Asks: 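Please see the structure below; I have some questions.
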Amino acid sequence: MQAQATQASPILADNVPAQALQAHAAALLRISLGVMALAHGLLKVFVFTVPGTVGYFESLGLPGFVAYLTILAEVGGGLALLLGVYTRWVSLALIPVLLGAAWVHAGNGWVFSNPGGGWEYPVFWAVTLLVQAGLGSGSLVLNRRFA
């Protein structure tokens, strides 16, 4: 009979296993991304209003229905990320929305504090969504089965 070797999880300061810390870090990123997506979607609904958002998208030369899809992606995707539901797929699905936002702001320069907002923030947000897709849900999910 041969004993199987088990590999212990590295222990960090204060006896916290690295794997647990990584799971909590992934959850923190996921929840932050979810709050940001939800806030942007609700901003389009309650501040800019749906008709105002549709009008803005049309002024950019985009079909009006893209505004509805964007609002749905941001609100639905934000809620899914907050709950940890299909995190990898939702993160990947939100990347085109952010690349579209980067396209809208591309003419305003790099820094998002420029008048009209630059493309720095949406591109960084798209990269963080890609990272989240690679990390997965982490801890604190509604149901591990759907994470």
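Bear in mind that the values here come from a model prediction, so they are computed numbers and not experimental data.
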Asks: Going hydrophobic residue to hydrophobic residue with side-chain gaps under 4.5 angstrom, can you get from Leu135 over to Leu130?
Replies: yes
Asks: Mind checking the OG-CZ spacing from Ser139 to Arg30? Nearest 0.5 Å is all I need.
Replies: 7.0 Å
Asks: For residues 17-39, which residue pairs qualify under ring pair (Phe, Tyr, Trp, His ring centres under 6.0 Å), counting only residues two or more places apart or in two chains?
Replies: none
Asks: Can you tell me how far apart CG (Leu28) and CG (Leu33) are? Round to the nearest 0.5 Å.
Replies: 9.5 Å
Asks: Can you tell me which residue pairs pass the salt bridge (charged side-chain N to carboxylate O under 4.0 Å, His left out) test with a partner in residues 48-64, sequence neighbours excluded?
Replies: none
Asks: Quick one: pull up OG in Ser91 and CG in Leu81 and give me the separation to the nearest 0.5 Å.
Replies: 5.0 Å
Asks: Report yes if some heavy atom in the side chain of Ile71 is under 4.5 Å from a heavy atom in the side chain of Val45; otherwise report no.
Replies: yes
Asks: Indicate yes or no: at least one non-hydrogen side-chain atom of Leu83 is less than 4.5 angstrom from one of Val141.
Replies: no
Asks: Write down the atom of Val54, the atom of Gly64, and the distance for their closest heavy-atom approach.
Replies: CG1-CA, 3.8 Å
Asks: Would you say Arg145 has more than 12 foreign heavy atoms packed within less than 6.0 Å of its CZ?
Replies: no
Asks: Please round to the nearest 0.5 Å and tell me the distance separating atom CG of Leu29 and atom OG1 of Thr128.
Replies: 6.0 Å
Asks: Hey, is CZ on Phe124 packed in by over 12 heavy atoms from elsewhere, all under 6.0 Å?
Replies: no
Asks: Kindly state each residue pair satisfying ring pair (Phe, Tyr, Trp, His ring centres under 6.0 Å) with at least one member in residues 29-79, sequence neighbours excluded.
Replies: His40-Trp125
Asks: Pairs of donor and acceptor atoms involving the side chains of residues 93-106, under 3.5 Å and at least two apart or interchain, shall be tabulated with distances.
Replies:
from	atom 1	to	atom 2	distance (Å)
His105	ND1	Gly116	O	2.8
His105	ND1	Gly117	O	3.0

Asks: Report the distance from atom CD of Gln132 to atom OG of Ser137, rounding to the nearest 0.5 Å.
Replies: 7.0 Å
Asks: Is there a side-chain contact (heavy atoms from CB on, under 4.5 Å) between Leu79 and Leu38 once you walk through the steps?
Replies: CA-CA 7 Å; Leu79 288 171; Leu38 184 60; 4.0 Å; yes
Asks: For Trp110, enumerate each residue passing the ring-ring contact (aromatic ring centres under 6.0 Å, His included) test, keeping only those at least two apart in sequence or located in another chain.
Replies: Trp119
Asks: I need the minimum non-hydrogen distance between Phe112 and Gly118, along with the two atoms involved.
Replies: CD1-O, 2.7 Å
Asks: Identify the two heavy atoms, one from Ala26 and one from Gly138, that lie closest to each other, and give their separation to 0.1 Å.
Replies: CB-CA, 3.8 Å
Asks: What salt bridge (charged side-chain N to carboxylate O under 4.0 Å, His left out) pairs are there with at least one residue in residues 74-95, not counting sequence neighbours?
Replies: Lys44-Glu74
